[in-house]
Structure formats: structure tokens, C-alpha cells
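Read through the structure below, which is laid out as C-alpha cells, and then see the notes.
Counting starts at 1 for both ligands and their atoms, in listed order.
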Amino acid sequence: MSNRTFTMVKPDATGKGYTGAILDQIIKGGFSIKAMKWLKLTPEQAGAFYEVHKARPFYGELVEFMSSGPIVAAILEKENAVEDFRKLIGATNPAQAEEGTIRKNFAASIGENAVHGSDSDENAAIEGAFFFSRLERF
Ligand code: GDP
């Protein structure tokens with residue numbers, strides 16, 4: 001079990017001005033920030049990040065959405081980080097997310113769902129390395 005996970009505040013949430021409130025909920029949820037940056041992905045970069053979803057019917061929409069505005073990328077630390085962060089963000093579809101979760105609080109739809117959270121320790125490491133060099137992680 002690793003103590004780190006990777007997250008993004010997605011373009012819907014940065015565009016609506018929710019970045020601060022989402023980061024506040026993450027920190028109050030017991031996570032500490034080990035790396036962070038604000039940037040806009042190109043469609044090529046978003047496509048590469050979501051390569052695992054290439055065969056899914058929504059891949060084109062996902063790439064377009066994720067490159068439509070700025071995001072915040074971050075590496076987070078907490079005991080049992082991956083599992084606890086998935087609980088904090090809630091189900092992929094905000095309509096099915098539990099009350100009080102980040103997606104319930106801030107997301108509009110299954111596609112534009114405010115935040116990303118890694119689904120395994122292995123992917124957390126891969127995704128963190130996609131955005132941050134060793135010099136940028138603490
Ligand atoms: P996650 O691990 O909860 O983020 O969910 P998935 O790994 O299944 O999907 C990755 C991302 O693709 C989701 O967070 C959504 O942004 C997007 N996505 C998933 N399902 C759909 C869908 O049916 N339609 C669209 N447009 N996007 C989707």
C-alpha cells in the first residue's frame with residue numbers, strides 16, 4: 001500500500017472558480033500536497049494521459065474536455081491515499097456520488113466531473129510522473 005495518490009482539478013471546476021474550495025476540502029480531508037501545478041493540456045497531452053481509455057466511446061469527448069481549459073495537477077499524501085481519495089471524491093457520475101463528496105458538491109455530469117483521482121497505487125505513480133519531475137516532488 002502506497003501513501004500517495006495523484007489528482008487533477010478538471011477544467012469545469014477551474015472554470016467555475018471551484019479550485020480553492022476543492023483544494024480546501026482535500027486538505028481538510030487529511031491530504032497534504034507534495035507537488036502542484038496549474039497548466040492547460042494540449043489535446044495531444046490529454047490524449048496521452050488518458051491513453052488507457054482510448055477504446056472507450058467517450059475518449060474523444062474526454063480529450064476535448066480535458067484540454068478545454070486550465071487544470072490543477074497535484075500529488076497528495078495520506079495513509080491509504082488512493083482508496084481514501086476515491087472515497088473523498090465519490091462516484092464517477094455525480095448523480096450517484098455520496099452526499100458531501102467532492103463530485104457531489106462540485107460536479108455537473110459524468111463527463112465533467114470536477115476532479116480526477118488515481119484508481120491504483122501503480123497508476124498514481126505513473127500519473128504523478130507524467131506531470132512532475134523528481135525535482136518538483138517533495
Ligand atoms: P474515474 O476513475 O472515476 O475518473 O472514472 P473512469 O476511469 O471510468 O473514467 C475516466 C474519466 O472519463 C471520468 O472521470 C470522466 O471524466 C470521463 N467519463 C467516464 N465515463 C464517461 C461517459 O460516459 N461520458 C463522458 N463524456 N465522459 C466519461
Side-chain angles (χ1 to χ4, degrees):
M1 183 176 70
S2 157
N3 60 357
R4 287 193 172 201
T5 190
F6 171 79
T7 188
M8 290 183 284
V9 180
K10 296 186 179 184
D12 58 321
T14 62
K16 288 174 186 159
Y18 294 155
T19 305
I22 289 173
L23 294 176
D24 189 52
Q25 190 169 349
I26 290 171
I27 291 163
K28 286 188 177 134
F31 293 84
S32 59
I33 294 166
K34 296 294 159 182
M36 177 170 277
K37 58 176 71 162
W38 169 274
L39 74 158
K40 188 173 172 197
L41 293 169
T42 65
E44 292 72 26
Q45 289 166 339
F49 183 85
Y50 283 109
E51 185 90 40
V52 291
H53 292 313
K54 205 163 188 169
R56 312 268 290 270
F58 56 81
Y59 178 73
E61 261 176 52
L62 177 59
V63 168
E64 192 182 335
F65 163 58
M66 288 303 294
S67 55
S68 68
I71 61 156
V72 175
I75 294 174
L76 304 173
E77 189 170 88
K78 182 185 184 295
E79 208 177 296
N80 199 32
V82 166
E83 200 184 325
D84 286 2
F85 193 69
R86 297 287 299 194
K87 276 189 207 140
L88 183 70
I89 67 177
T92 308
N93 186 346
Q96 286 156 11
E98 273 184 49
E99 281 306 320
T101 59
I102 292 176
R103 281 169 168 165
K104 189 70 171 186
N105 290 344
F106 300 105
S109 69
I110 188 167
E112 305 202 353
N113 60 2
V115 277
H116 169 82
S118 304
D119 63 5
S120 67
D121 289 344
E122 189 192 359
N123 284 337
I126 292 168
E127 292 167 1
F130 185 94
F131 282 92
F132 300 101
S133 75
R134 281 175 63 186
L135 292 174
E136 297 171 310
R137 308 179 212 175
F138 302 96

Starting from [atom], locate the nearest protein heavy atom and write down its residue, its atom name and how far away it is, to 0.1 Å.
atom                    : result
atom 27 (N) of ligand 1 : Gly111 CA, 3.4 Å
atom 15 (C) of ligand 1 : Ile110 O, 3.2 Å
atom 9 (O) of ligand 1  : His53 NE2, 3.8 Å
atom 26 (N) of ligand 1 : Glu61 OE1, 2.7 Å

Exercise. Is Glu61 reaching over with its side chain to a backbone N or O of Phe58, donor-acceptor style, under 3.5 angstrom?
Worked result: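 Not a single qualifying donor-acceptor pair exists.
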
Exercise. Where the side chain of Thr7 meets the backbone of His116, is there a donor-acceptor pair that is under 3.5 Å apart?
Worked result: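 Here the side-chain-to-backbone pair exists.
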
Exercise. N/O of Phe58 under 3.5 Å from N/O of ligand 1, yes or no?
Worked result: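 Such a contact does not occur with ligand 1.
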
Problem set entry | Polar contact flag for Thr92 and ligand 1 (N/O pairs, less than 3.5 Å) |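 N/O-N/O distance under 3.5 Å: yes.
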
Compute the minimum heavy-atom distance from [X] to ligand 1 and say whether it is under 4.0 Å.
X      : result
Met8   : no
Leu62  : yes
His116 : no

Please tell me whether [X] and [Y] are part of a single hydrophobic cluster in this structure, the criterion being side-chain heavy atoms less than 4.5 Å apart.
X      : Y     : answer
Phe106 : Phe85 : yes
Phe132 : Ile33 : no
Val82  : Val9  : no

Exercise. Measuring from Lys10:NZ to Leu41:CG, what's the distance to the nearest 0.5 Å?
Worked result: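 Going from NZ on Lys10 over to CG on Leu41, the span is 11.5 Å.
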
Which atoms of ligand 1 sit under 4.0 Å from any heavy atom of [X]?
X      : value
Asn113 : 13 (C), 14 (O), 15 (C), 16 (O)
Arg56  : 8 (O)
Lys10  : 13 (C), 14 (O), 15 (C), 16 (O)
Arg103 : 1 (P), 3 (O), 4 (O), 14 (O)
Arg86  : 1 (P), 2 (O), 3 (O)

Problem set entry | Identified side chain to side chain contact (heavy atoms under 4.5 Å, CB included) partner of Ile22 from the options Ile102, Asn105, Ile27 |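 Looking at Ile102, Asn105, Ile27, the match for Ile22 under the side chain to side chain contact (heavy atoms under 4.5 Å, CB included) is Ile102.
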
Problem set entry | Lys54 with Glu51: basic N within carboxylate O range, under 4.0 Å |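 Result for this pair is yes, salt bridge flagged.
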
Exercise. Given the side-chain rings of Phe6 and Phe130, with only the six-membered ring counted for Trp, is the space between their centroids under 6.0 Å?
Worked result: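 No.
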
